[in-house]
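All figures in this text were calculated on a predicted structure; none of them were measured in a lab.
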Amino acid sequence: GADTARSLTDIGETLRDLKRYDEALRSFQEARKMLETVHKGDHPSVAIALEDVADTLTWLDLREQAMRNYKLALGMLQRLHPHGDFATARVLESIGDMHGWGRPPEHEMAYAYYTRALEMRRKLGQTDHWRVARLEDYCGDSLEVLNKYDEALKRHMTALDLRLAAYTDG
């Protein structure tokens with residue numbers, strides 16, 4: 001059951017690190033199927049398994065399939081945690097990446113997802129985390145492409161301030 005799925009996930013992560021994406025995908029898909037059997041209906045483990053599948057599909061440049069899996073994971077997480085959680089913020093960021101790196105890029109959509117992820121992390125009390133700084137930069141990147149330079153500069157400056165504060169604090 002769930003223990004076997006954990007082993008399959010660990011194998012998938014290692015295979016992905018080795019850039020053996022097809023094998024990693026099979027391992028993640030098997031873990032997802034197993035978790036769906038163990039946990040009937042919505043469950044955080046199933047949502048994370050969907051995210052693992054989506055991440056790997058992205059590496060294989062199977063973008064439409066990846067987006068479907070991210071959206072399934074997002075829907076499940078939103079039903080489980082209607083007020084948000086860190087896993088939901090991570091999936092929102094990944095969907096933002098899909099839009100920002102799309103062909104053609106959809107920077108307004110990317111910005112909307114990055115902003116939602118950023119707001120969720122802040123609402124959850126994560127104000128000085130490296131992911132918050134990275135999201136500020138991603139928002140800035142999207143705004144810059146949209147020719148909103150003043151807003152982009154503010155986002156990049158906020159990211160720098162967060163990183164400098166983290167650097168001087170530790």
Side-chain angles (χ1 to χ4, degrees), residues 9 12-13 16-17 19 21 24-25 28 32 42-170:
T9 298
E13 289 170 351
R16 195 167 52 200
D17 290 342
K19 299 183 181 0
Y21 301 118
L25 179 61
F28 287 131
R32 179 193 46 82
D42 292 344
H43 192 275
S45 295
V46 175
I48 291 168
L50 285 164
E51 183 184 7
D52 287 333
V53 168
D55 289 345
T56 307
L57 288 165
T58 300
W59 281 105
L60 289 166
D61 204 31
L62 298 170
R63 303 178 69 73
E64 289 177 25
Q65 291 176 44
M67 185 65 90
R68 276 195 301 275
N69 279 271
Y70 282 131
K71 295 269 178 123
L72 287 170
L74 179 62
M76 188 176 293
L77 289 165
Q78 288 175 324
R79 288 186 299 275
L80 289 166
H81 307 284
H83 301 291
D85 71 328
F86 292 118
T88 305
R90 192 177 58 242
V91 172
L92 287 168
E93 181 178 341
S94 294
I95 293 173
D97 291 343
M98 294 294 291
H99 285 291
W101 302 338
R103 295 181 201 99
E106 300 169 304
H107 294 288
E108 287 182 17
M109 289 295 294
Y111 177 73
Y113 278 98
Y114 290 148
T115 300
R116 285 178 60 196
L118 187 58
E119 289 170 358
M120 187 173 293
R121 286 190 178 280
R122 287 196 168 125
K123 188 175 110 186
L124 293 167
Q126 196 174 50
T127 56
D128 60 351
H129 192 271
W130 64 269
R131 282 188 185 270
V132 173
R134 184 173 72 183
L135 280 165
E136 285 286 1
D137 268 333
Y138 287 175
C139 286
D141 293 343
S142 296
L143 289 165
E144 193 171 335
V145 172
L146 295 168
N147 298 322
K148 298 180 179 181
Y149 299 111
D150 290 336
E151 293 175 65
L153 183 58
K154 287 178 189 172
R155 294 292 189 148
H156 289 306
M157 295 297 290
T158 299
L160 176 62
D161 289 344
L162 288 167
R163 289 186 172 112
L164 288 173
Y167 178 74
T168 57
D169 289 346

*Could you name each residue pair satisfying ring pair (Phe, Tyr, Trp, His ring centres under 6.0 Å) that touches residues 45-95, not counting sequence neighbours?*
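Pairs touching residues 45-95 that pass the test: Y21-W59.
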*asked:* Can you confirm whether the side chains of Y111 and D141 place a donor and an acceptor under 3.5 Å from each other?
replied: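 The criterion, which ignores hydrogens and geometry beyond distance, is not satisfied for D141 and Y111.
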_Are more than 12 heavy atoms, taken from residues, nucleotides or ligands other than D150, located less than 6.0 Å from that residue's CG atom?_
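No, the 6.0 Å shell around CG holds no more than 12 heavy atoms from other groups.
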Which pair of heavy atoms, one from [X] and one from [Y], lies closest together, and at what distance?
{"X": "L118", "Y": "C139", "value": "CD2-SG, 4.4 Å"}
{"X": "S94", "Y": "D55", "value": "OG-OD1, 4.3 Å"}
{"X": "I95", "Y": "M67", "value": "CG2-SD, 3.9 Å"}
{"X": "A152", "Y": "G140", "value": "CB-O, 3.3 Å"}

Rounded distance (nearest 0.5 Å) linking atom [atom1] of [X] with atom [atom2] of [Y]:
{"X": "L143", "Y": "Y114", "atom1": "CG", "atom2": "OH", "value": "11.5 Å"}
{"X": "L124", "Y": "H129", "atom1": "CG", "atom2": "NE2", "value": "12.0 Å"}
{"X": "L153", "Y": "L160", "atom1": "CG", "atom2": "CG", "value": "10.5 Å"}
{"X": "L74", "Y": "L50", "atom1": "CG", "atom2": "CG", "value": "11.0 Å"}
{"X": "E119", "Y": "R116", "atom1": "CD", "atom2": "CZ", "value": "9.0 Å"}
{"X": "R155", "Y": "D137", "atom1": "CZ", "atom2": "CG", "value": "10.5 Å"}

*asked:* For D52, is there any backbone N or O sitting under 3.5 Å from a side-chain donor or acceptor partner on R32?
replied: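 No: the side chain of R32 does not pair with the backbone of D52.
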*Please name all residues satisfying side chain to side chain donor-acceptor pair (under 3.5 Å) with Q78, sequence neighbours left out, ordered by chain then number.*
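Partners of Q78 by the side chain to side chain donor-acceptor pair (under 3.5 Å) criterion come out as none, since no residue qualifies.
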_Angle between ring planes, H99 versus Y113, binned at 30° and 60°: parallel, tilted or perpendicular?_
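Because their plane-to-plane angle is under 30°, the rings of H99 and Y113 count as parallel.
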*Any pair counted as salt bridge (Lys or Arg N to Asp or Glu O under 4.0 Å), so long as it reaches residues 78-94, sequence neighbours left out*: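 Found D42-R79, E51-R90, E93-R131, E93-R134.
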